Amino acid sequence: MSKVLPIPAKRHLPSKEATLFKELLTLYETRQLKKGLKTADQILKKFPEHGETICMKGLVLTHMGKRDEGIDLVKKGVRLDLTSHICWHVFGLIQKGEKNYEEALKSYTQALRFDKENINILRDAAQLQTQLRLFDALVETRHTLLRIRPTLRQHWIALAVAYHLNRNLSEARKTLEHYERTLKNVADYDIEHSETLLYHVRLLEEMEEYTDALSLLDINSKSRAIVDPRLLSKLGSEEAEHAWRALIEHNPDSYDYYRGYLTNQGLSLEASSTDALTALKEFSAQLPRATAPRRLALTIATGDDFRELVKPYILSNLIKGVPSLFVDLKSLYTDLSKRDIVENIVENALSEFSPTLSGSAASSSSSSAGDVEPTTYLWTLYFLAQHYSYLGRPNKALEILELALAHTPTLPELHTCKGRTLKRAGDLYGAAKCVNDARLLDGQDRFLNTKCAKYLLRAGCVEEANAMLGLFTKKDASSPGADLEDMQSLLYLIEEADAHYRNGKLNLALKKYHAIQKVFNEVEDDQYDFHGYNLRKFTLSIYMKLVKWEDRLRSHPAYVKAALSASRIYVALHDDPSIAAALTSAPQLTDAEKKAKKKAKKAAQKVQEEPKKGQAPSANEDKGLEPVQPKDDDPEGTKLLTVSDPLEQAVKLLQPLTTAATDNVDVWTVVYDVAIRRKKLLQAIQALNRARALNAEAPEVHIRSVHFRQTVEVLSEELPAPVGPLAREASQKLIPEGLSAFTYNTQYLQRHASETVAVLAAAKVTHALKEPIQEVEQAVFTVLQDGLKLDVDIALRTLEFLKEIKSARVEEFRCACDARFEVSTVFKSAAELEALRKRTLAGEEEQKEEDSNTA
């Protein structure tokens with residue numbers, strides 16, 4: 001047996017003080033903080049070095065808002081009594097409140113050394129182990145809890161979940177079966193029991209024990225009206241078809257049910273199949289009101305079958321006036337023949353529904369043309385406008401939208417569609433104006449308000465967008481942006497960050513990108529409470545989904561975009577430190593900017609003063625263990641811009657993506673950019689290999705391949721073993737030793753001569769190889785050839801590249817793009833763009849005056 005450590009003499013308290021200490025624990029648990037503080041002071045008056053009391057006093061003070069004083073007392077108490085489980089438990093609570101989960105778990109582990117069977121400490125330790133994904137230790141902790149309290153149902157379930165999380169499914173199953181055998185007199189329709197059984201079934205399914213899972217369902221279900229058909233399908237049971245049909249009849253518009261039925265029949269929606277099409281036609285006949293089978297049939301039908309099925313589908317939805325019809329059908333456009341058929345049908349429908357046709361002519365062309373509602377013609381125009389806009393034919397789309405607006409100028413969807421068309425064509429100011437016109441048709445519509453602000457941000461009008469968003473945010477917030485950041489609005493944060501990035505305000509862009517990182521940190525922390533809550537409520541299936549979702553949290557597109565954009569800024573700051581110096585030098589603010597800044601400062605002061613005017617806080621007010629959010633001492637993002645280690649900051653942002661977004665080429669190219677600058681050649685090789693495995697011909701991968709070859713050639717003599725030989729070997733795999741980088745680039749350009757983005761990449765490599773600037777410019781200007789498909793985005797990137805290399809032909813390229821993209825305004829001169837901006841914002845100001853006068 002292990003030797004029991006003797007209790008230190010200074011921990012002993014006389015009877016009176018021992019009673020007071022127990023009272024102190026009770027007062028803390030009931031959050032009677034003021035009384036608890038007085039009780040602690042009573043004990044410390046006689047025993048000033050009683051570590052446990054000092055820790056409890058520190059804990060009480062922390063809850064009362066005196067955080068620094070409280071933490072100092074807790075640390076002092078721990079030092080005075082290193083063998084007290086109470087001291088270590090309190091220290092762990094403080095660390096947990098600071099989100100320092102690793103250190104908190106160490107404190108709990110120390111506490112358990114001196115009180116191995118303390119249920120509260122064990123339970124908190126289990127939650128921390130789950131948060132940190134230490135599943136081996138979690139299983140041991142749950143075993144201990146079950147051994148101490150085997151009669152508590154929650155402990156059995158928690159142990160099964162711990163085994164499941166640790167991927168020991170057989171032990172999880174045994175635990176559940178043992179638990180279920182102990183149950184007696186379970187009430188009918190007991191929610192907790194039902195959730196446990198459902199979790200058990202899902203566990204058996206994960207173990208591929210389909211027969212046992214189905215048997216468990218049969219034994220415990222009150223009726224077998226609907227049995228999980230997935231299990232029957234996996235077993236190959238003849239009942240599976242009937243079960244799927246029963247589900248489809250129960251909910252005929254569930255796409256998943258039809259997919260499950262077809263999969264059970266050995267059919268698929270991924271490829272054209274006559275049998276699958278026949279089955280879906282049968283369902284369409286049996287369930288005439290169901291949309292799902294008719295829409296799924298369009299996915300697999302081809303040729304005349306497709307034309308026969310899609311025509312009634314389109315016409316019926318146009319007659320009904322379904323605005324989302326195009327969104328429903330645009331996924332079919334990957335098949336060019338289907339796209340042409342849809343265009344032909346809708347064009348014919350437009351001529352039939354047109355009010356210019358006589359009634360007799362319309363009826364002779366189609367039996368459905370008689371007594372056509374005017375709205376049918378309108379929705380047909382709307383569909384065609386979206387169709388042509390999506391296909392990159394803005395002139396045709398705008399022509400149709402003018403007809404539609406002349407027909408019904410008060411339909412917001414037409415204005416937003418026009419805005420979207422102009423945005424795609426490159427007229428960002430015009431797009432913002434059109435969406436604002438839609439917003440003015442319904443000032444109470446939050447969606448239109450948000451859409452208008454989004455388009456203003458894309459046009460670079462950040463202040464105006466914030467004012468627009470302020471119409472629907474809290475009036476007592478310091479600013480609309482601050483309220484939206486508190487609400488974790490990723491849409492707003494991403495769009496404003498990108499707007500600042502495009503405007504060249506990298507400090508403000510970094511500020512917003514880091515705000516996005518903060519949102520994901522908070523979401524990750526928020527899962528902690530659910531580790532205990534879900535077990536108490538027995539919501540086990542959804543809890544397992546939560547844990548899996550949290551594990552891939554950083555794969556969210558918003559985090560990926562923010563991390564990549566912020567990392568690119570940090571790389572640029574490393575390459576050219578003068579960027580930070582230029583942005584942090586005090587600029588001369590305009591009168592409007594001074595006024596806006598003064599207004600924001602006054603609003604922030606007002607928000608801070610509001611609590612002081614209110615009722616004085618109670619002495620027992622519990623302010624929790626979490627630290628108060630510190631005042632933002634860097635509202636302009638200057639400190640972020642002037643960090644001494646920009647590459648290390650980028651590494652912190654990119655680290656989660658190396659496991660959460662492994663299938664994203666951009667992630668690996670940015671990881672390469674950071675690693676190669678940190679002289680981490682092995683990391684750079686790994687990143688480049690991962691990128692090439694995903695898409696070896698990607699333009700950005702091509703640029704990095706040549707860059708790595710150049711880097712190795714320069715550092716060849718300096719690289720020690722084993723890094724040097726590995727780097728040279730990797731370089732030869734990328735570009736064979738006998739092949740020059742120039743020849744390799746030429747070959748790449750020949751393979752992708754028809755792709756403008758590849759042409760731009762080859763031009764960048766040509767410049768990196770220090771070829772004459774005339775050759776670089778000649779390569780760049782080939783993107784303007786008639787045979788190449790050049791869009792606005794690639795043209796803008798090409799123009800930016802010419803500016804970076806200080807080409808003398810920048811203006812020539814800008815003018816050529818301005819002539820090529822007739823609708824676009826992004827290639828106008830600076831003076832013309834400023835005039836467009838003022839015109840757009842002038843309209844906004846006029847509307848604000850009208851709104852204020854109306855109010």
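Being a predicted model, the structure only gives us computed values, none of them experimental.
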> Under 4.5 Å between any side-chain heavy atoms of Arg133 and Val547, yes or no?
Replying inline: yes
>> Check the orientation of His50 and Phe21. Use parallel for under 30°, tilted for 30 to 60°, and perpendicular for over 60°.
In response: perpendicular
> Judged by atom type as modelled, is there a donor-acceptor pair below 3.5 Å linking the side chain of Lys99 to the main-chain atoms of Lys96?
Replying inline: no
> Taking NZ, NE, NH1 and NH2 as the nitrogens, is one of them in Lys35 or Glu23 under 4.0 Å from a carboxylate oxygen of the other?
Replying inline: no
> Ignoring hydrogens and geometry, is there a side-chain-to-backbone donor-acceptor pair from Ser84 to Cys87 under 3.5 Å?
Replying inline: yes
> Between the side chains of Asp81 and Thr83, is a donor N or O closer than 3.5 angstrom to an acceptor N or O?
Replying inline: yes
>> Using only atom types and a distance under 3.5 Å, with no angle test, would you say the side chain of Ser194 pairs donor to acceptor with the backbone of Asp190?
In response: yes
> Between the side chains of Asp41 and Thr39, is a donor N or O closer than 3.5 angstrom to an acceptor N or O?
Replying inline: no
>> Quick check: do Lys16 and Pro14 have side-chain heavy atoms less than 4.5 Å from each other?
In response: no
> What are the two closest heavy atoms between Tyr179 and Thr182, and how far apart are they?
Replying inline: O-OG1, 2.5 Å
>> How close do Ala126 and Thr141 get, counting heavy atoms only, and between which atoms?
In response: CB-CG2, 3.9 Å
> Who pairs with Glu206 by salt bridge (charged side-chain N to carboxylate O under 4.0 Å, His left out), at least two apart in sequence or on another chain?
Replying inline: Arg167
>> For a 4.5 angstrom cut-off between non-hydrogen side-chain atoms, does Arg173 reach Glu209?
In response: yes
>> Using modelled atom types and a 3.5 Å cut-off, is there a donor and acceptor pairing between side-chain atoms of Asn166 and backbone atoms of Ala162?
In response: no
>> Treating His164 as the side-chain partner and Ala172 as the backbone partner, does any N or O pair qualify as donor plus acceptor under 3.5 Å?
In response: no
> What pair of heavy atoms forms the shortest contact from Gly92 to Tyr108, and how long is it?
Replying inline: C-OH, 4.1 Å
> Is it true that Glu241 and Arg245 make a salt bridge, defined as a side-chain N closer than 4.0 Å to a carboxylate O?
Replying inline: yes
>> If I take atom CD1 from residue Ile191 and atom NE2 from residue His193, how far apart are they, to the nearest 0.5 angstrom?
In response: 11.5 Å
> Checking salt bridge (Lys or Arg N to Asp or Glu O under 4.0 Å) for the pair Arg147/Glu117: CA distance, chi angles, key distance, verdict?
Replying inline: CA-CA 10 Å; Arg147 180 173 52 78; Glu117 297 190 354; 3.2 Å; yes
> Counting only heavy atoms not in Met207, do more than 12 fall under 6.0 Å of its CE?
Replying inline: yes
> Is the distance between the ring centroids of Tyr257 and His250 under 6.0 Å?
Replying inline: no
> Are the side chains of His89 and Leu93 in touch, meaning some heavy atoms are under 4.5 Å apart?
Replying inline: yes
> If you measure from NE2 on His200 to CG on Leu198, what distance do you get to the nearest 0.5 Å?
Replying inline: 11.5 Å
>> Looking only at the side chains, is there a donor atom on one of Glu140 and His143 sitting less than 3.5 Å from an acceptor on the other?
In response: no
>> Using only atom types and a distance under 3.5 Å, with no angle test, would you say the side chain of Thr30 pairs donor to acceptor with the backbone of Leu27?
In response: yes
> Crowded around Glu648 CD? As in, over 12 foreign heavy atoms under 6.0 Å?
Replying inline: yes
>> Restricting to non-hydrogen atoms, name the atom on Ala558 and the atom on Ile516 that form the minimum distance, rounded to 0.1 Å.
In response: O-CG2, 4.0 Å
>> My understanding is that only residues two or more places apart in sequence, or in another chain, count here; which of them pass side-chain contact (heavy atoms from CB on, under 4.5 Å) with Phe530?
In response: Tyr533, Asn534, Leu546
> Run the side-chain contact (heavy atoms from CB on, under 4.5 Å) check on Leu176 and Ile157 step by step: do they pass?
Replying inline: CA-CA 7 Å; Leu176 284 173; Ile157 298 303; 3.9 Å; yes
> Under 3.5 Å, is there a donor-acceptor pair between the Thr130 and Arg142 side chains?
Replying inline: no
> Who are the side-chain contact (heavy atoms from CB on, under 4.5 Å) partners of Asp256, not counting sequence neighbours?
Replying inline: Ser254, Arg259
>> Asp115: which residues meet the salt bridge (charged side-chain N to carboxylate O under 4.0 Å, His left out) condition with it, sequence neighbours left out?
In response: none
> Is it the case that more than 12 heavy atoms not belonging to Lys66 sit under 6.0 Å from its NZ atom?
Replying inline: no
>> Does the plane of the ring in His178 sit parallel, tilted or perpendicular to the ring in Trp156? Use 30° and 60° as the thresholds.
In response: parallel
>> Determine whether a donor-acceptor pair (N or O, by modelled atom type, separation under 3.5 Å) exists between the side chain of Tyr559 and the backbone of Leu653.
In response: yes
>> Could you tell me if the side chain of Leu105 sits less than 4.5 Å from the side chain of Leu134, heavy atoms only?
In response: yes
> Should Leu183 and Arg153 be marked as a side-chain contact (heavy atoms from CB on, under 4.5 Å) after you check the CA-CA gap, both sets of side-chain angles, and the distance that decides it?
Replying inline: CA-CA 9 Å; Leu183 297 177; Arg153 292 195 299 171; 4.1 Å; yes
> Yes or no on side-chain contact (heavy atoms from CB on, under 4.5 Å) for Gln527 and Leu553, after CA distance, side-chain angles and deciding distance?
Replying inline: CA-CA 11 Å; Gln527 71 174 300; Leu553 175 66; over 6 Å; no
>> Looking at every non-hydrogen atom in both residues, tell me the closest pair between Gly58 and Leu73 and how far apart they are.
In response: CA-CB, 3.8 Å
> Between the side chain of Asn664 and the main-chain N/O of Asp666, is any donor-acceptor distance below 3.5 Å?
Replying inline: yes
>> Tell me every residue that passes side-chain contact (heavy atoms from CB on, under 4.5 Å) with Pro252, counting only those two or more places apart in sequence or in another chain.
In response: Tyr258, Leu287, Ala290
> What pair of heavy atoms forms the shortest contact from Asn264 to Ser233, and how long is it?
Replying inline: OD1-OG, 3.0 Å
> Can you tell me how far the CD atom of Gln129 sits from the OH atom of Tyr101, to the nearest 0.5 Å?
Replying inline: 14.5 Å
> So how far is it from Asp72 CG to Asp68 CG, rounded to the nearest 0.5 Å?
Replying inline: 6.5 Å
> Going by the ring pair (Phe, Tyr, Trp, His ring centres under 6.0 Å) test, which pairs reach into residues 25-49, not counting sequence neighbours?
Replying inline: Tyr28-His63
>> Between Glu102 and Gln95, is there a side-chain heavy-atom distance shorter than 4.5 Å?
In response: no
> Do Leu112 and His85 touch side chain to side chain, with heavy atoms closer than 4.5 Å?
Replying inline: no
> Taking NZ, NE, NH1 and NH2 as the nitrogens, is one of them in Lys474 or Asp486 under 4.0 Å from a carboxylate oxygen of the other?
Replying inline: no
> Roughly how far, to the nearest 0.5 Å, is the CG atom of Asp212 from the CG atom of Leu204?
Replying inline: 6.0 Å
> Should the pair Lys174-Glu177 be classified as a salt bridge under the 4.0 Å nitrogen-to-oxygen rule?
Replying inline: no
> What is the distance from atom CG of Leu694 to atom CG of Asn689, rounded to the nearest 0.5 Å?
Replying inline: 11.0 Å
>> With a 4.5 Å cut-off on side-chain heavy atoms, are Met56 and Leu25 touching?
In response: yes
> Step by step, would you call Arg230 with Trp244 a side-chain contact (heavy atoms from CB on, under 4.5 Å)?
Replying inline: CA-CA 8 Å; Arg230 294 177 304 111; Trp244 281 114; 3.9 Å; yes
> Does Arg67 pair with Glu98 as a salt bridge, N-O distance under 4.0 Å?
Replying inline: yes
